[in-house]
Amino acid sequence: MVPAEQLSIPERVALITRNLEEVIGADELPGLLEQGMTLQHYIGLEISGRLHLGTGLMVMQKVRDLQQAGVKCRILLADWHTWLNDKLGGDREKIRKIGMGYFQTGLRASLAAVGGDPNSLEFIFGSDFYHHNDRYWEAFVDVCKNTTLNRIVRSVSIMGRSEGESMDFAKLLYPPMQVVDVFMLNSHIAHGGMDQRKAHVIARDVANALTIAPMRDSKGKVIKPIAIHGHLLLGLSKPTEWPVDPERLRELRTQMKMSKSKPASAVFLNDTPDEIRKKIRKAFCPPANEGMDFNPILDWTEHLIFNNQPDGLFIERKPENGGNIHFKSMESLKAAYADGSLHVMDLKSGLAEGLITLLAPVRKIFAEHAEMMAELEALL
RNA sequence: CCCGAGGUAGCCAAGUGGCCUAAGGCAGCGGACUGUAAAUUCGCCAUACGUUGGUUCAAAUCCAACCCUCGGGACCA
């Protein structure tokens with residue numbers, strides 16, 4: 001890997017912004033890099049149950065890119081947010097244990113698996129960060145004073161909740177806390193899935209008004225956090241509405257995404273090779289003539305295989321099915337799927353084997369921590 | 001603390017004294033059909049109705065107490 005100092009600014013910008021669904025404030029990036037600042041990144045993760053591919057591979061791929069671009073990467077293990085959001089039963093003891101053990105181990109292993117540097121990845125525990133930290137709570141009030149109740153209510157989708165649903169008041173602390181996290185961690189780059197954009201947009205909106213913890217560049221000018229949003233992997237199950245009506249895409253997106261609460265829709269880092277094969281074999285995978293936009297198998301192949309490794313996808317096939325084949329790009333694979341020269345079964349098994357290979361180092365690390373894994377299972 | 005609504009399978013939900021050894025739907029599981037899934041189709045899937053007592057020949061269905069959820073209110077004024 002080329003050290004970041006040897007990369008040009010456009011090369012670094014390209015690494016930071018590639019393979020994303022959205023970058024807000026991309027134009028501000030070269031300016032910051034030209035100042036020679038060490039950019040800091042952060043992503044906050046709730047400590048819910050098992051880690052899935054969305055976190056393990058999608059998030060960590062981007063962390064790897066950022067590391068390669070010379071950005072300092074940090075993960076906020078958001079135990080308070082988990083507590084506020086009633087995950088893991090809101091049991092703080094449980095949350096802490098899983099966060100300290102399984103999450104850190106699993107995320108480091110995942111980062112290593114996609115070619116990043118696990119040792120320079122920093123973990124910050126929410127409760128440690130907030131403890132005896134008056135400035136945090138001052139900044140919290142500062143953020144709250146610069147946004148509105150309505151805005152906060154509308155942003156609860158970042159925590160997987162809908163505006164209409166009834167909830168305890170504590171839930172409303174979550175979005176502003178997330179915004180404060182960005183500033184208090186001095187994160188020039190705020191990272192999340194597309195579902196996190198509401199919080200990031202609030203952060204950018206309040207950036208200029210903050211008096212407690214504004215972010216500034218080396219010239220003292222206020223920086224708005226640059227928001228980078230990753231693609232949300234499609235769930236493996238058939239969408240509730242098929243074919244998908246483009247008009248209703250906004251609302252359907254949420255239901256279509258891979259979700260921890262629907263185990264069949266997701267692959268977890270803990271899954272055994274056979275479980276991975278089975279889940280992928282059972283996955284919804286419409287033929288090309290029904291459209292290729294909402295096909296989870298193609299979606300995963302693109303985002304987990306092609307965007308992740310330069311080698312592309314190697315598929316083993318029986319001679320009577322055309323023999324082994326190697327795809328170097330998503331375009332060529334899609335073309336083959338469209339013209340029928342690549343059969344679904346072969347695509348599925350190719351993807352499954354690709355993922356199994358990719359995740360092998362993670363499984364190895366988990367196997368070395370049998371006690372931790374047993375504790376996890378006991379706590380879930 | 002008061003008033004109201006409600007607690008039936010993983011989820012939604014019918015049933016208000018015997019025909020309920022609990023309808024239906026979704027999800028799930030197994031099979032048929034497809035070299036995948038989906039669609040279609042066949043089969044499986046609560047001895048149990050918030051808890052504990054009581055009334056009755058007979059209760060998910062009536063009564064009592066308690067627990068919990070949701071909405072509203074009271075207290076503070």
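Lettering follows sequence order; numbering is per chain, from 1.
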In this structure, how many angstroms lie between the [atom2] atom of [N] and the [atom1] atom of [X], rounded?
| X | N | atom1 | atom2 | value |
| --- | --- | --- | --- | --- |
| A/Ile280 | B/A38 | CD1 | C1' | 17 Å |
| A/Phe169 | B/G71 | CZ | P | 15 Å |
| A/Asp168 | B/G71 | CG | C1' | 16 Å |
| A/Asn289 | B/U36 | CG | P | 15 Å |
| A/Phe284 | B/A38 | CZ | C1' | 5 Å |
| A/Leu342 | B/U36 | CG | P | 14 Å |
| A/Glu290 | B/U36 | CD | P | 14 Å |
| A/Tyr337 | B/U36 | OH | P | 11 Å |

If we take the [atom1] atom in both [N] and [M], what is their distance in whole Å?
| N | M | atom1 | value |
| --- | --- | --- | --- |
| B/A59 | B/A39 | C1' | 44 Å |
| B/C19 | B/A60 | C1' | 16 Å |
| B/U51 | B/G7 | P | 13 Å |
| B/C2 | B/C63 | C1' | 22 Å |
| B/C62 | B/C1 | C1' | 28 Å |
| B/G4 | B/A38 | P | 49 Å |
| B/G30 | B/G6 | P | 39 Å |
| B/C11 | B/A27 | C1' | 7 Å |

Inspect the contact between [Y] and [X] and indicate whether a charged nitrogen and a carboxylate oxygen are less than 4.0 angstrom apart.
| X | Y | answer |
| --- | --- | --- |
| A/Arg204 | A/Glu28 | yes |
| A/Asp128 | A/Arg96 | yes |
| A/Asp311 | A/Lys328 | no |
| A/Asp271 | A/Arg50 | no |
| A/Lys279 | A/Glu275 | no |
| A/Lys334 | A/Glu302 | no |

For A/Lys282 and B/A27, is the shortest distance between a side-chain N/O and OP1 or OP2 below 4.0 Å?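 It does not, given that no N or O in the side chain of A/Lys282 lies less than 4.0 Å from OP1 or OP2 of B/A27.
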
Taking a pair as Watson-Crick or G-U wobble with both distances under 3.5 Å, which nucleotide is matched to [N]?
| N | result |
| --- | --- |
| B/G24 | B/C12 |
| B/C76 | none |
| B/G43 | B/C29 |
| B/G4 | B/C70 |
| B/U52 | B/A64 |
| B/A58 | none |

Does the structure place the NZ or CZ of A/Arg74 under 6.0 Å from the centre of the six-membered ring of A/Phe123, at an angle of no more than 45° from the ring's axis?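 Not satisfied by the 6.0 Å and 45° rule.
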
A/Lys278 or A/Met345, whichever maps to the more 5' nucleotide of RNA chain B: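 Comparing both residues, the 5'-ward one is A/Lys278.
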
Return whichever of A/Lys238 or A/Ala264 has its heavy-atom-nearest nucleotide of RNA chain B closer to the 5' end.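 Result of the comparison: A/Ala264.
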
Closest nucleotide among B/A38, B/U36, B/G35 to the A/Val344 side chain: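 The answer is B/U36.
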
Looking across every strand, which nucleic acid part, if any, lies under 4.0 Å from A/Pro287 by heavy atom: base, sugar-phosphate, or nothing?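 A/Pro287: base contact, heavy atoms under 4.0 Å.
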
